[in-house]
Each structure stands twice: as C-alpha cells, then as structure tokens.
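Since the model is a prediction, treat every value here as computed from it, not as a measurement.
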Amino acid sequence: MNSVSVLILTKNEEQDLPGCLASVAWCNDIVVYDSCSTDRTHDIAVSSGARIIERPFDNWASHQNWGLRNIVFRNAWVFYIDADERLTPEAATELVAIANSNNSSVAYRILRRDFFRGRHLRYVQTSSWYIRFFRPEFLRYERLVNPVTIVDGEIGNLHYHLDHFPFSKGLSHWIARHNSYSTFEAEQIIQNRSHREPFNLLASFFERDFNKRRYHQKELFYRLPARPLIKFFLLYFLKRGFLDRGPGFTYALLQSIYEFMIVLKVQELKQFKKSETSS
C-alpha cells in the first residue's frame with residue numbers, strides 16, 4: 001500500500017512498539033519519530049524496516065509540529081499513531097481508499113477505543129474522536145500537552161476504529177506519565193493567563209471561531225471549584241461510566257486524581273511566581 005505514510009511517536013517503547021508496527025506492517029513508509037530512547041526501541045524499529053528520526057522531546061505541540069514540518073514523508077497522506085495503539089485492518093483499508101480517491105477533506109477523525117483490564121471503556125472515555133489522518137501541510141498543533149489539532153481545511157470522519165491500550169505497561173507507568181502531563185497542564189494554564197486573551201464567559205458558549213471557543217471553554221472548566229469531583233461526576237454519571245463496571249469506576253477515579261494533580265501544581269506555580277516577585 002503505497003499511498004499512506006505512518007508516523008509513530010516513541011520514547012522507550014520496546015514493549016509496545018512491536019505490536020504497533022505489526023498493525024501497520026502493510027505500509028511502505030513507516031517513520032518512528034523517537035525522543036532519544038535508551039531501551040531497544042531503536043533496534044526494534046530498524047529491524048522492522050522503519051525509518052528513524054530522533055529529536056529530544058521539549059513539549060507536545062513543539063515536538064509534533066517539528067515532525068510535520070521537517071520529516072519528509074514519501075506519501076501525501078500521513079496516519080499518526082502511538083506505540084500503545086493498534087490500527088484495525090478495516091481502518092487500514094479505509095485509509096488507503098481515501099488516500100487514493102479525490103476528496104475535499106484534508107484531515108480525518110478516527111474513533112479510538114480505550115481498553116482497561118481487558119474491557120473496552122465504551123462510556124467513560126474523556127474523548128473518543130481524534131484527528132490522526134491528514135495531509136501534513138494543512139495541520140498544526142497548539143498547547144504544551146494534550147495538544148489541540150488545528151486544521152486549515154475540511155475535516156471528515158472515518159468509519160473504523162483505532163484501539164488504545166493506555167495501561168499496557170501497568171498502572172505505575174500510567175501514573176508516572178500523567179504526573180508529567182499534569183506539570184505541562186499547570187504550566188499551560190499559567191501561560192494562558194499571562195499571555196493570551198482574558199477569559200470571557202460568553203465566548204465559551206457563543207464565539208464563532210471554534211479554536212477561540214474551545215480556549216474559553218477550557219478556561220471555564222479550569223476556573224470551576226471542586227474540579228476533580230466535577231470531572232468524576234461527568235465521567236462516571238453523566239457519561240454513564242458506571243456501565244463500564246469496575247474498570248469504569250477506576251478509570252473515572254484516576255482521571256479525577258489527575259485533575260487534582262493539575263489543581264495542586266497550578267497553586268504551586270502561583271506560589272513560586274509570587275515568591276519570585278516579592279524577592
């Protein structure tokens with residue numbers, strides 16, 4: 001299949017990378033974009049025939065934007081996948097069909113299915129749709145972590161799924177990763193309030209520009225009291241996470257703990273900034 005390139009972001013992914021590579025083995029241009037791994041990630045990628053591009057990681061938007069602007073892909077269309085994700089055969093066939101057809105869209109969302117303790121988290125997921133298939137020249141990212149995908153053109157939806165196994169390396173790895181994410185999130189919140197336009201409640205509901213509206217919606221959420229409890233309520237009750245049974249409860253609880261970590265780190269950064277100003 002010579003019409004789609006695959007981009008895999010890695011950092012010490014010797015455990016998950018083989019399965020990811022197997023799910024995209026049909027592709028003639030697999031690029032492993034590695035953040036200077038110290039395990040066998042590099043060797044596994046080379047043995048599979050993938051190309052290796054290395055760059056030290058700084059933050060998510062910067063790292064991803066650098067890849068899109070500096071990696072020369074052999075095909076016009078790129079599918080981006082993480083090492084703990086697996087592309088289904090049906091989705092692979094759909095990608096190739098789109099790449100070989102004339103269409104007005106320059107990017108596509110794919111429905112991602114998260115799995116925990118062998119169960120598909122059908123209801124409790126924080127988000128299900130992700131823009132992963134695109135023409136690189138029409139796309140860029142914003143935010144230090146959990147980046148917002150900005151597309152200069154029409155966006156379509158794929159019919160088939162991408163499977164995600166976020167706990168494949170165990171609970172300790174998930175917690176360590178989200179400890180890092182929460183630091184970036186706290187820094188992003190402080191950065192937004194220092195350098196971007198002031199929060200506007202009406203704009204969070206009525207702003208016509210999607211990206212501006214999303215910015216104000218995030219700011220609204222960040223200003224809510226008892227935000228970790230609200231997140232648990234949203235995921236477990238409003239999104240019916242209880243239908244995912246035990247794994248759904250655990251996942252909703254972990255997400256609320258993650259939110260609490262962000263709250264604490266924002267408070268800590270504010271205190272550091274206040275101390276620096278007064279000294």
> Any side-chain heavy-atom pair from E185 and N146 closer than 4.5 angstrom?
Replying inline: yes
> Any side-chain heavy atom of P247 sitting closer than 4.5 Å to one from L121?
Replying inline: yes
> Do L171 and Y251 belong to the same hydrophobic cluster, where Ile, Leu, Val, Met, Phe, Trp and Tyr are linked whenever their side-chain heavy atoms lie under 4.5 Å apart, directly or via other members?
Replying inline: yes
> Within the distance-only criterion (no hydrogens, no angle test), does the side chain of Q217 pair as donor or acceptor with the backbone N or O of S204 below 3.5 angstrom?
Replying inline: yes
> Quick one: does Y130's side chain get under 4.5 Å of L162's, heavy atoms only?
Replying inline: no
> Would one find more than 12 heavy atoms of other residues, nucleotides or ligands at under 6.0 Å from atom CZ of F221?
Replying inline: yes
> Checking side-chain contact (heavy atoms from CB on, under 4.5 Å) for the pair F167/T250: CA distance, chi angles, key distance, verdict?
Replying inline: CA-CA 12 Å; F167 297 91; T250 302; over 6 Å; no
> What side-chain hydrogen bond (donor to acceptor under 3.5 Å, both in side chains) pairs are there with at least one residue in residues 162-171, not counting sequence neighbours?
Replying inline: E13-K169, D16-S168, D16-K169, D84-H164, R112-H164, R113-D163, D114-H164
> Which pair of heavy atoms, one from Y33 and one from G67, lies closest together, and at what distance?
Replying inline: OH-N, 3.6 Å
> Has the side chain of N59 got a donor or acceptor atom that lies under 3.5 Å from a matching backbone atom of S62?
Replying inline: yes
> Could you go step by step and tell me if L111 and L158 meet the side-chain contact (heavy atoms from CB on, under 4.5 Å) rule?
Replying inline: CA-CA 7 Å; L111 183 63; L158 298 172; over 6 Å; no
Which donor-acceptor pairs under 3.5 Å do side chains of residues 173-181 form with protein atoms, sequence neighbours excluded?
unit_1: R177; atom_1: NH2; unit_2: P166; atom_2: O; d: 3.3
unit_1: H178; atom_1: ND1; unit_2: W174; atom_2: O; d: 3.0
unit_1: N179; atom_1: OD1; unit_2: K265; atom_2: NZ; d: 2.7

>> Quick check against the 3.5 Å criterion: does R132 have a side-chain atom that pairs as donor or acceptor with the backbone of Y80?
In response: yes
> Nearest 0.5 Å, what's the SG-NE2 distance between C36 and H42?
Replying inline: 10.0 Å
>> Just verifying a value: how many Å separate L202 CG and N200 CG, rounded to the nearest 0.5 Å?
In response: 5.5 Å
> Any sub-3.5 Å donor-acceptor pair from N75's side-chain atoms to W77's backbone N or O?
Replying inline: no
>> Test your reading of the model: is there a side-chain donor-acceptor pair from D34 to the backbone of E54, 3.5 Å cut-off?
In response: no
>> Within the structure provided, determine whether L238 and F233 are in side-chain contact (heavy-atom separation under 4.5 Å).
In response: yes
> Any idea which heavy atoms bring D82 and C20 closest together, and the distance?
Replying inline: O-SG, 3.5 Å
> Is V72 linked to V31 within one hydrophobic cluster, defined over Ile, Leu, Val, Met, Phe, Trp and Tyr using a side-chain heavy-atom separation of less than 4.5 Å?
Replying inline: no
>> Which heavy atom of V4 sits nearest to which heavy atom of A99, and what is that distance?
In response: CG2-CB, 3.8 Å
> Do you reckon F134 sits in the same ILVMFWY cluster as V151, going by side-chain contacts under 4.5 Å, direct or chained?
Replying inline: yes
> Should the pair F115 and F165 be assigned to parallel (<30°), tilted (30 to 60°) or perpendicular (>60°) ring geometry?
Replying inline: parallel
>> The test is ring pair (Phe, Tyr, Trp, His ring centres under 6.0 Å); show your working for Y236 and Y123 and say whether it passes.
In response: CA-CA 8 Å; Y236 194 67; Y123 302 96; over 10 Å; no
>> A side-chain contact here means heavy atoms from C-beta on lying under 4.5 Å apart; do H120 and H161 qualify?
In response: no
>> Under a 3.5 Å distance rule, please check whether R69 uses its side chain to pair with a backbone N or O of P136 as donor and acceptor.
In response: yes
> Would V96 and W26 count as a side-chain contact (heavy atoms from CB on, under 4.5 Å) if you check the C-alpha gap in whole Å, the side-chain angles of each, and the deciding distance to 0.1 Å?
Replying inline: CA-CA 10 Å; V96 174; W26 47 265; 4.1 Å; yes
>> So, taking the atom named CD1 in I155 and the one named OH in Y108, what distance separates them when rounded to the nearest 0.5 Å?
In response: 11.0 Å
> Say you draw a straight line from CG of L95 to CD of E90; how long is it, rounded to the nearest 0.5 Å?
Replying inline: 11.5 Å
> Under 3.5 Å, side chain of N65 to main-chain N/O of R140, donor-acceptor pair present?
Replying inline: no
>> Given the ring of Y222, does R227 sit roughly above its face, with NZ or CZ under 6.0 Å from the centre of the six-membered ring and within 45° of the axis?
In response: no
> Would you say the side chain of W60 lies within less than 4.5 Å of the side chain of H63, judging by non-hydrogen atoms?
Replying inline: no
> Hey, is the main chain of D244 close enough, under 3.5 Å, to the side chain of R119 for a donor-acceptor pair?
Replying inline: yes
>> So does H159 get a backbone contact from the side chain of E94, meaning a donor-acceptor N/O pair under 3.5 Å?
In response: yes
> Is a side-chain donor or acceptor of S256 paired with a backbone partner of L253 at a separation under 3.5 angstrom?
Replying inline: yes
> Between I131 and R109, what is the shortest heavy-atom contact and its length?
Replying inline: CG1-CG, 3.7 Å
> F249 pairs by ring pair (Phe, Tyr, Trp, His ring centres under 6.0 Å) with which of F237, F116, F232?
Replying inline: F232
> How about R40: does its CZ atom have over 12 heavy atoms from other parts shown lying under 6.0 Å from it?
Replying inline: no
> What do the steps show when you test V78 against L139 for side-chain contact (heavy atoms from CB on, under 4.5 Å), and what is the final call?
Replying inline: CA-CA 11 Å; V78 174; L139 188 136; over 6 Å; no
> In terms of hydrophobic clusters joined by side-chain contacts under 4.5 Å, are I262 and L254 together?
Replying inline: no
> Do F133 and I110 have side chains that get closer than 4.5 Å, going by heavy atoms?
Replying inline: no
> How long is the span from the CD atom in Q188 to the OG1 atom in T183, to the nearest 0.5 Å?
Replying inline: 13.0 Å
>> Using every non-hydrogen atom in the two residues, find where I230 and P225 come nearest and quote the distance to one decimal.
In response: CD1-O, 3.2 Å
>> Measuring only between side-chain heavy atoms, which start at C-beta, is E14 closer than 4.5 Å to I44?
In response: yes
> If you measure from CG on L68 to OH on Y141, what distance do you get to the nearest 0.5 Å?
Replying inline: 5.5 Å
> Which atom pair, heavy atoms only, marks the closest approach of G241 to V124?
Replying inline: CA-CB, 3.7 Å
> Any chain of hydrophobic side-chain contacts (each under 4.5 Å) joining L269 to L264?
Replying inline: no
